[in-house]
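What follows is one structure encoded as structure tokens, with my remarks underneath.
Reminder, nothing fancy here: chain letters follow the sequence lines and each chain counts from 1.
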Amino acid sequence: MSAEGRGHDRPDGERSSPSQRPDGAPSAVSFCGLRLAHPIVNASGTFDALAALAVFGEDLRTEFPFAAFVSKTITLAPRAGNPPPRLWEAPAGLINSIGLPNRGLEGYLEHDLPALAALLAAHGARPAVPLITNVMGSTAAEIATLLAACEERPEIAAVELNVSCPNVRTGLDIGADPAQLQAVLEQTRGHLRKPLIVKLTPNTADVAACAHAAQQGGADAISLINTLRARAPAPRGPAGAPRAWLGGGTGGLSGPAIRLVALAQVAAAAARVSIPVIGMGGVQSARHARALLDAGASLVAVGTESFRDPTAASRIARELAEGRA
Amino acid sequence: MSAEGRGHDRPDGERSSPSQRPDGAPSAVSFCGLRLAHPIVNASGTFDALAALAVFGEDLRTEFPFAAFVSKTITLAPRAGNPPPRLWEAPAGLINSIGLPNRGLEGYLEHDLPALAALLAAHGARPAVPLITNVMGSTAAEIATLLAACEERPEIAAVELNVSCPNVRTGLDIGADPAQLQAVLEQTRGHLRKPLIVKLTPNTADVAACAHAAQQGGADAISLINTLRARAPAPRGPAGAPRAWLGGGTGGLSGPAIRLVALAQVAAAAARVSIPVIGMGGVQSARHARALLDAGASLVAVGTESFRDPTAASRIARELAEGRA
Amino acid sequence: MSGFARRLLKVAANERLGAYRLLRLADPHGPAPAPGQFAMLAAAARWGAGEDERPHLPRAFSIARWQDGEAHYLLEDVGPGTRRLCELRAGEDVWALAPLGVGFRPAPDDARPLLVGGGVGIAPLAILQDGLARGRPTLDPSAQDPFLPAPREGAPVTVLLGFRDGERAHGAALLSGAQVCSDDGSVGHRGPVTDLLAHELDRDAHATVYACGPPAMLEAVRALCERRAVPAQLALEAGMACGFGACFGCVVPTRGGAYARVCVEGPVFDAARLECVQAHTGAPR
Amino acid sequence: MSGFARRLLKVAANERLGAYRLLRLADPHGPAPAPGQFAMLAAAARWGAGEDERPHLPRAFSIARWQDGEAHYLLEDVGPGTRRLCELRAGEDVWALAPLGVGFRPAPDDARPLLVGGGVGIAPLAILQDGLARGRPTLDPSAQDPFLPAPREGAPVTVLLGFRDGERAHGAALLSGAQVCSDDGSVGHRGPVTDLLAHELDRDAHATVYACGPPAMLEAVRALCERRAVPAQLALEAGMACGFGACFGCVVPTRGGAYARVCVEGPVFDAARLECVQAHTGAPR
Ligand SMILES: Cc1cc2nc3c(=O)[nH]c(=O)nc-3n(C[C@H](O)[C@H](O)[C@H](O)COP(=O)(O)OP(=O)(O)OC[C@H]3O[C@@H](n4cnc5c(N)ncnc54)[C@H](O)[C@@H]3O)c2cc1C
Ligand SMILES: Cc1cc2nc3c(=O)[nH]c(=O)nc-3n(C[C@H](O)[C@H](O)[C@H](O)COP(=O)(O)OP(=O)(O)OC[C@H]3O[C@@H](n4cnc5c(N)ncnc54)[C@H](O)[C@@H]3O)c2cc1C
Ligand SMILES: Cc1cc2nc3c(=O)[nH]c(=O)nc-3n(C[C@H](O)[C@H](O)[C@H](O)COP(=O)(O)O)c2cc1C
Ligand SMILES: Cc1cc2nc3c(=O)[nH]c(=O)nc-3n(C[C@H](O)[C@H](O)[C@H](O)COP(=O)(O)O)c2cc1C
Ligand code: FES
Ligand code: FES
């Protein structure tokens, strides 16, 4: 199945329609047929809306910072995640080795989805926030099951497919090889009628080729960049032998350190595809978001910066709307 | 041609022999049959020894900071390099778009080589500093010519082959694809009897596979990482249209921002090969060098940090020798 | 409950307390914390540019005291983040997200409270001591202030503090009536604080232990309390990126094998939930 | 010639000069600079953590004056690097690699020196004026001090300075006897400094022009001097990573199409070597 002619509305020559309103009110954006209040969403795995609701209370509901909410990666079976330590602070960034902990598809659908839907429903003047569910599978069959399950649930507006999953045979990310990526998508795309966003891996020789393969395979949008493969230095024990710091061995680098790698990859990918692009990687300000939009992104996701400032996305959306970028 | 049995001396189980001397005198290292005063060299393209001699005078000769000197990349034909601007400061790093300016093989051999040899010759108590010439070619024939020319000149102790050169047909780096890399090396390796170091590209899905391909292709050592592909944000002109900042469009990211990406790649590559590894990327201190050595590197190269502190390499070598890492 | 935004607070004072600093932030409008809750702090200017271009993320600190519109923090300089905070001067700005996490749940019975602290980990015991002095604990888990305003009766509060050396032992001034010991014998008993704790439990085991300190100490406390069947609440630490449940980075293994996020399920855990307190689950000190 | 190591220097003073700061670094043992040479400077502490986690690399600054064991620098806050240097206090430390580059080569003939500066670019003209006052230029290119200690005779030194506004025009105090103009007319003639230069050349074209300032101004000076066949030396700027020829990042195109490194072949170039002065070859101001 090919993406051509797929029904995300898009005015000629534009991948989305963010316009700048001088009054500073964030202006609506259309993305894959979804109407978003502004172009800023969260990066998968960097905001647990339900935990945040417990911590911050009703303020989170009224001032929800993201125009769409992207879940963390959900897998078919539950995962405990990697043993601690899971974090290493890097120069201008963060290495994480979280290991995609999640309660599995069933647990997600049963417990998290209703609670998320309730949180994201229209609230006073605030319109409903579309929910994008991020899923990952290690085989085409797994992916098909995940997509089919998401198709059934009306709470889910779109699916983001995380293809940074190691191929069990080669050990390489499924998404790192364009041909393999396209094949997996072609095998599974038919199970979802909702918009499919493919979240590319940045650990590849040619991200533009992967982007094109995703489009050919039937993606309605692509998102990038995921974290760069990185490793925390091994502290030396008293015996002098270095021991691994991160429970997961290697990890992924995010934050400002990767911002301009992200900009290069987003620009290269956006130049190669005609579907919309969600750009992310180290965004901390409206200026950084603007650079990604200028490079061809339709939406911008904020990840690590939310750890420093939980309302960063609101700030960025507001400053973008005010033209302060 | 395969690398197995190639004659770089290496004690069992060790890729080189840096030992720590409590008296703080840097201890010698053996690398591909070369005897180096300590394990710190320069990263190609980040120190112009002849320019530095003019700027700093004889101090440079007596206190030469590197145990071996690596030239910047030499190509067959002269190159002017990219138009300015060539630099963009990134979070905890630097993006460069220098474009490999050099006077071409002939100019290098005629003008630079004798001057370099004179500078690097033994001087008082300081032993001679081996010269490693870094070359790049866009075809196997070009590479063969470069290697053959280097073979002839006794001033050159070893050659570093930069394989971050775009393939004219695919646009991808020659070094990004393991099969292509091995094939190119097999075609050209015979033209050089001196040690051949292959400088891998980090912009690849599987650097360990590239490392292995280099070894299979006949490399005596590998070096990594080169800069990560990155792009400077486009400042917006008064008309609002973004224009490219770097003369070369995209550039390469170096410095602390890439240090832990480098550590992951060096560890992955070193685990896969039995030839020595030169590790580099964001090294600023003996602690950073030690992390690369612990990850399997035999030598460590210092690049961007020399811009901040031209004697950084001496400081790092000294602190390593003193065990202050 | 923390408001959904970090607050820009002014440094009211930054005083030396032996090897530590007592950082006082003016927070007149901030919500009152419960004992054991913490804050994520970051200097507003020049956060970064320390060792390895760090810190980048905010840092977690127990709220040591809450009085007169100020939050007090006890800081030990162990790296680039704490160093930057330790050097702040009065009038400079700090970003604070607080209060966060689940604090101590004071035992509502008549068991005497035994406060056991080590090093800079004594900080949350100070505000707990304040709370215990203020009133008797409530059973209502949703109460903002876990202490009822009724005067406390029954057993007195016992405070046992251990320090590495005499300079650090100055931190004991944060609490009142503490028994102090030290690793090097420079102050009080020479030995770990569990020596003092064992002695107290020998005297009267009808107690609830509230402990905070380095992992090795907490593990010793946990094991001792387990042996003596004394309920204990342990305030844990872990490396944290966010402090509000977003990153899943701060986990500790709990009994049964699941991981719990220290920032939202803790930092205070019932000792019974833990198999053991592991070192290196976060920033060791 | 710079020693092969950066030097850790103490800030002697940091004074306001209108919109600029005059940073004075104690450098009692440093080699004396020639007019037009520059230094690579970086604050020793907290270099970084500004906008976009910058600065990371040192920054280039013309040496504005060299006297009493101090090097003076005129700074304009235009970004994270200059901001950090502008806020330094006396006693704080700065890393300096200096003196670097090739400075002005004073014309040995009797042509009168015309010093033309714009904005913070007036800095190297101050030390050049000092040099011209000290003696007559030597022809020896290898001489450390290009000024012979003989008293200068002949034509007086003319100084023409242009500023954007009145606040910046305070910088003119760095030189003596300057004619000042401003873009907004708040000080002196309203208009570009090339108006003053044209007027001076009308009066007497037997002159050598020494100019430093923003690219647009330098280009106007270059074009004017070319038309009038007056020799000119232009002190250029370019974004620099190293300052000593290592990075090849600071190039400008020269006549004939080759690129020259500003840090080692310049920063002062004979105008005749340049086709034109391009904007955005480095940090624009
Ligand atoms: C709930 C809670 C309450 C706390 N209360 C207090 C308190 O009241 N007072 C107090 O002083 N401290 C307290 N801490 C500890 C405090 O948060 C840490 O000491 C602080 O985060 C250290 O930051 P740093 O930058 O100074 O040092 P870091 O260098 O970040 O941390 C020091 C240690 O962390 C490890 N480390 C080194 N480099 C890195 C890296 N790049 N990434 C990750 N880890 C690294 C090393 O083992 C090092 O020894 C508390 C922590 C938690 C979780
Ligand atoms: C030989 C020489 C002499 C000089 N003498 C003086 C002097 O005497 N006094 C003085 O004040 N200045 C002088 N300068 C200029 C000074 O070096 C720059 O103003 C300074 O480097 C700016 O650094 P910054 O961090 O403050 O601002 P930056 O932000 O680095 O630079 C400001 C400009 O650079 C561009 N820029 C923005 N972001 C980046 C980025 N990430 N990477 C690269 N460029 C960026 C933008 O156009 C911005 O407006 C001299 C420069 C040279 C080369
Ligand atoms: C702690 C953490 C957890 C993450 N978890 C996920 C995840 O579950 N699924 C996913 O697709 N990406 C995940 N990511 C990647 C982010 O979505 C994002 O691609 C990356 O962090 C770059 O953006 P940033 O620099 O703004 O953080 C995670 C990133 C971090 C830092
Ligand atoms: C300005 C600059 C020029 C470079 N030129 C070359 C080059 O000519 N050949 C090459 O193989 N690598 C070149 N590199 C890459 C470095 O050798 C090195 O691989 C990289 O910068 C990572 O090390 P670092 O972070 O210590 O700088 C260059 C890097 C920089 C910053
Ligand atoms: S610190 Fe981020 S989840 Fe606990
Ligand atoms: S600044 Fe590096 S070569 Fe000129």
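- Scanning all heavy atoms of the two residues, the minimum distance from B:Thr311 to D:Phe4 falls at CG2-O, 3.1 Å.
- Note: D:Ala241 leads D:Gly245, D:Pro58, D:Ala241 in heavy-atom pairs under 4.5 Å with chain B.
- Contacts with chain D were tallied for B:Asp59, B:Leu50, B:Val55; B:Val55 has the most, counting heavy-atom pairs under 4.5 Å.
- Neither the backbone nor the side chain of B:Ser314 comes within contact range of chain D, judged by heavy atoms closer than 4.5 Å.
- Contact count versus chain D (heavy atoms, under 4.5 Å) is highest, among B:Pro256, B:Ala52, B:Ala257, B:Gly255, for B:Pro256.
- Between chain B and the options D:Leu100, D:Leu97, D:Val264, the largest number of non-hydrogen pairs under 4.5 Å is found for D:Leu97.
- Minimum heavy-atom separation, D:Met240 to B:Leu87: C-CD1, 3.8 Å.
- By number of non-hydrogen pairs under 4.5 angstrom with chain D, the leading residue of B:Asn96, B:Asp309, B:Leu94 is B:Asp309.
- Contact of D:Ala42 with chain B is not made at all, since no heavy-atom distance falls under 4.5 Å.
- In this structure, chain B has heavy atoms under 4.5 Å from both the backbone and the side chain of D:Phe244.
- Ranked by non-hydrogen atom pairs under 4.5 Å with chain B, the options D:Tyr259, D:Trp47, D:Trp95 are led by D:Tyr259.
- The two residues D:Glu53 and B:Pro91 make their nearest non-hydrogen contact at CG-CB, 3.7 Å.
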